[in-house]
There are 2 protein chains.
Amino acid sequence: MDLTRELPLDQIMRGDSIELMRMLPPASVHCVFADPPYNLQLRGELRRPDDSLVDAVDEDWDRFADFAAYDEFTRAWLTECRRVLRKDGTLWVIGAYHNIFRIGAILQDLGFWILNDVIWRKSNPMPNFRGRRFTNAHETLIWAARGRDSRYKFNYQAMKALNDDLQMRSDWLLPLCTGAERIRNAHGLKLHPTQKPEALLHRVLLASTAPDDIVLDPFAGTGTTAAVARRLSRRYIAIERHPAYVEAALGRVRRVRPAPLDGASNTPTRREAARIPFGNLVEQGIVPPGTTVTDRQRRVAATVAADGTLVCGPLRGSIHKLGSEVQNAPSCNGWTFWHVERDGALVSLDTLRASMRTASD
Amino acid sequence: MDLTRELPLDQIMRGDSIELMRMLPPASVHCVFADPPYNLQLRGELRRPDDSLVDAVDEDWDRFADFAAYDEFTRAWLTECRRVLRKDGTLWVIGAYHNIFRIGAILQDLGFWILNDVIWRKSNPMPNFRGRRFTNAHETLIWAARGRDSRYKFNYQAMKALNDDLQMRSDWLLPLCTGAERIRNAHGLKLHPTQKPEALLHRVLLASTAPDDIVLDPFAGTGTTAAVARRLSRRYIAIERHPAYVEAALGRVRRVRPAPLDGASNTPTRREAARIPFGNLVEQGIVPPGTTVTDRQRRVAATVAADGTLVCGPLRGSIHKLGSEVQNAPSCNGWTFWHVERDGALVSLDTLRASMRTASD
DNA sequence: CCAAAACATGAATCGCAGG
DNA sequence: TCCTGCGATTCATGTTTTG
């Protein structure tokens, strides 16, 4: 397959992440989710990002060299991600205190624009056995747009719905990946040391992508991103170097059935709903010309003209313009500001529009 | 006073942080708490949905030319902190996604050894008014030892006691500094835009210092660190450049009486009610997207969408809203109304939620 | 005087489509 | 690419005003 001409959609490619990304065309994916290696100083031994062992020289220059090597690796894969990302695309990276600060600084240097840092609070973290620190009970995700001016996608209403109709916060409480979801080898041992829970990817993809969007995971591991993307009817491009992980991921993805269309959908943002000019309500007699509209407190009143403008003394304009003028406010959503009387009660224009929308479905 | 020979204990010094720290002798303080400028990079004004203006941080001290200038500043003050810190001392820095990644990377480069990153979860954050991002509901603290081999202080038992005899986690839920604690000027306006709550410093100092230890705050503001240090019978060295802040801090510290050292002054932790949105059951695969839910008599059916809403023909909404709509009832408890099939029998969502609760206990 | 409602505010990197 | 105009958007908490 010629990757420079055809995207390897819904595939899990085995190989080096940076090399393979270099073969992809620029501005081709909507979203990147990356869970990069961070095996810097976790064990007694030091490992480089490519998993090779560092001679145990415990001197200052060695520590510096080690950070420098990690930074170089980070800069390389983030550069490729940015090249491959569409102008309005976003990138997610997950990490912990060993590596996330370096990643965050480098992605800022590369021109990414951070939108949020998100805290995955683990409901069941591993305790700190030696009692020398706080229980390390979270990991950090960075969500960033390709650039400061990106018109990135954020499914605000879907996130709000997911959280009982309150704005979704930057701290997410989710359990670790355990039980049946955890992929194990023939001996019953976990195959991957840091397999991420599918619930985490569910929220990530639902927040920042639409169905059929293309999601790239350069460090795919056992294929959590690919599996969730498939279930939510997103396309994926997954890269993983370790053959055993690739094999597990292939089997895993094959077992996933995409949710039916309704299931993969989410609440559309208001802006995505069909636009209905106020004039339509006038034309269709829902708010006939000559109707009096007022604010909620009935402090100001205006008359509906046949062309859908409002008239109030010498003032005339759209529902928004007149709303802002009578309030002396810089702007106004006329749909929610103005009301008409129905059965003795005041009903907002927005309510009338909503009933018109469901009637036309 | 000759700072090179005598420590300015329990004083709030007015002046440039880096210059004054340079005059202090090396290895002289036990702990540093630093709340540096965040380099917020705001542009334009922001209005709430009610058109009121958000009072944003626009002080001179938070403006930097670019990332390079901010990094240089950061490297300079962190270098002095490290020089002044005792071998076994620790440093705390607080920041947000605008600056914390740069700070974390630089302090690693300087040889600090990160012990934890700690998340201050705000119980009452400002919402995201435009609905373009997740509510930015937390700030990040980095806790680091002077070096990898530091035998740093951690009051494990005190932290455990503060947390109902469970290990203290790396995520702390605390309210913002408001009400009587917030220092105001003669006009009743907040004096400092970013005054930190005393409860935060209480936990920081109780975790990582002993009575009579010396705590340095290079960006003291209105003296929160100094006030809490005094109440907990720690010594402090505070540096602040702005005369009005220094004046406020001096008066504030004077009013503090050291508490008896019996530990009775522990601030209690906030216990959270276990709120489980229906969306959690969807994310975690307990009720996967696409599942069909029905009422007990199977008279109406709906499909579960990925964001936790239910879809039924043209209707879409939360489990409660859709439940009331299909019944034509004013309200409905969706948890008990809707059921899914499990082993051929109908089980209410409420039952599934209950099993989820016990699993997480 | 009390209860209820209205108001105020917090480290904020806070539009978008169409012409 | 710039310009214009539509019209989307808030939670927890403390304080003040109103009935």
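Numbered from 1 within each chain, the chains take letters A, B, ... in sequence-line order. Source: prediction; values computed, not measured.
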Using a heavy-atom cut-off of under 4.0 Å over every strand shown, decide if A:Leu166 touches base, sugar-phosphate, or nothing.
sugar-phosphate
Closer than 3.5 angstrom, by distance alone: can the side chain of B:Asn116 be matched with the main-chain N or O of B:Val118 as a donor-acceptor pair?
no
Mind jotting down which residue pairs meet the salt bridge (Lys or Arg N to Asp or Glu O under 4.0 Å) criterion with at least one end in residues 133-144 of chain B? Sequence neighbours excluded, please.
B:Lys122-B:Glu139
Quick one: which of D:dT10, D:dA8, D:dC6 gets closest to the side chain of A:Ser331?
D:dA8
Atom pair distance, as rounded to whole Å: CG in A:Asp350 and P in D:dT9:
10 Å
On DNA chain C, which is the earliest and which the latest nucleotide, 5' to 3', with an atom closer than 4.0 Å to a heavy atom of chain B?
C:dT9 to C:dC16
What nucleotide, of D:dC11, D:dG7, D:dA12, holds the atom closest to the side chain of A:Lys160?
D:dC11
Atom CZ of B:Arg14 with >12 non-hydrogen neighbours under 6.0 angstrom:
no
Look at all strands and tell whether B:Arg182 reaches a base, only sugar-phosphate, or nothing, counting heavy atoms closer than 4.0 Å.
sugar-phosphate
NA contact type, B:Cys177, heavy-atom cut-off 4.0 Å: base, sugar-phosphate, or nothing?
nothing
Distance between the C1' atoms of D:dA8 and C:dG10, in whole angstroms?
22 Å
Report all side-chain donor-acceptor pairs from residues 157-165 of chain A shorter than 3.5 Å, counting only partners two or more places apart or in another chain.
from, atom 1, to, atom 2, distance (Å)
A:Asn163, OD1, B:Arg275, NH2, 3.2
A:Asn163, ND2, A:Leu166, O, 3.3
A:Asn163, ND2, A:Gln167, O, 3.3

Looking at the angle O4'-C1'-N9-C4 for a purine or O4'-C1'-N1-C2 for a pyrimidine, is D:dT16 syn or anti, with syn meaning within 90° of 0?
anti
Checking A:Trp143, A:Trp113, A:Trp92, A:Phe112 against A:Tyr152 for ring pair (Phe, Tyr, Trp, His ring centres under 6.0 Å), the one that qualifies is A:Trp143
Between B:Pro125 and A:Gln108, which has a closest nucleotide on DNA chain C that is more 5'?
B:Pro125
OP1 or OP2 of D:dA8 less than 4.0 angstrom from a side-chain nitrogen or oxygen of A:Arg353, does that happen here?
yes
By nearest nucleotide on DNA chain C, pick out whichever of B:Pro127 and B:Lys190 is the more 5' one.
B:Lys190
Dot-bracket for DNA chain C, 5' to 3', with Watson-Crick and G-U pairs under 3.5 Å, [ ] for crossing pairs and | for other-strand pairs: what is it?
.|||||||||....|||||
Would you classify B:Asn128 as touching base, sugar-phosphate or nothing, given that sugar-phosphate means primed atoms plus P, OP1 and OP2, and contacts are heavy atoms under 4.0 Å?
base
Please classify the nucleic acid contact of B:Gly44 as base, sugar-phosphate, or nothing, using heavy-atom distances under 4.0 Å.
base
Scan nucleotides 14-19 of chain D nucleotide by nucleotide, 5' to 3', and note B when protein non-hydrogen atoms come under 4.0 Å of the base, S if they reach only the sugar-phosphate, - if neither.
SS----
Going from CH2 on B:Trp120 to CD1 on A:Ile119, what distance comes out if it is rounded to the nearest 0.5 angstrom?
14.0 Å
When you measure from the centre of the six-membered ring of B:Phe129, is the NZ or CZ of B:Arg47 under 6.0 Å away and within 45° of the axis?
no
Ring of B:Trp172, cation from B:Arg121 - is the NZ or CZ under 6.0 Å from the centre and inside 45° of the axis?
no
N or O in side chain of A:Gln157 less than 4.0 angstrom from D:dT9 OP1/OP2
yes
Which part of the nucleic acid, if any, lies within reach of B:Asp35 when heavy atoms closer than 4.0 Å are counted: base, sugar-phosphate only, or nothing?
base
Could you check if a side-chain atom of B:Tyr38 sits within less than 4.5 angstrom of a side-chain atom of B:Asp62, using non-hydrogen atoms only?
yes
Counting any heavy atom closer than 4.0 Å, what does B:Arg133 reach on the DNA or RNA strands: base, sugar-phosphate only, or nothing?
base
Quick check on D:dG7: is either OP1 or OP2 less than 4.0 Å from any side-chain nitrogen or oxygen of A:His320?
yes
Working to the nearest 0.5 angstrom, can you tell me the gap between A:His30 NE2 and A:Ser208 OG?
11.5 Å
Listed nucleotide nearest any side-chain atom of A:Ser318, set D:dT13, D:dC6, D:dC11
D:dC6
So what does B:Pro36 touch, heavy atoms closer than 4.0 Å: a base, only the sugar-phosphate, or nothing?
base
Scan nucleotides 2-4 of chain D against the protein and return all N/O pairs shorter than 3.5 Å with their distances rounded to 0.1 Å.
none

Taken to the nearest 0.5 Å, the spacing of A:Thr309 OG1 from A:Lys321 NZ works out to 10.0 Å
d(CG, A:Asn155; P, D:dA8) in whole Å
17 Å
Please work out whether the ring planes of A:Trp335 and A:Phe278 are parallel, tilted or perpendicular, with thresholds of 30° and 60°.
perpendicular
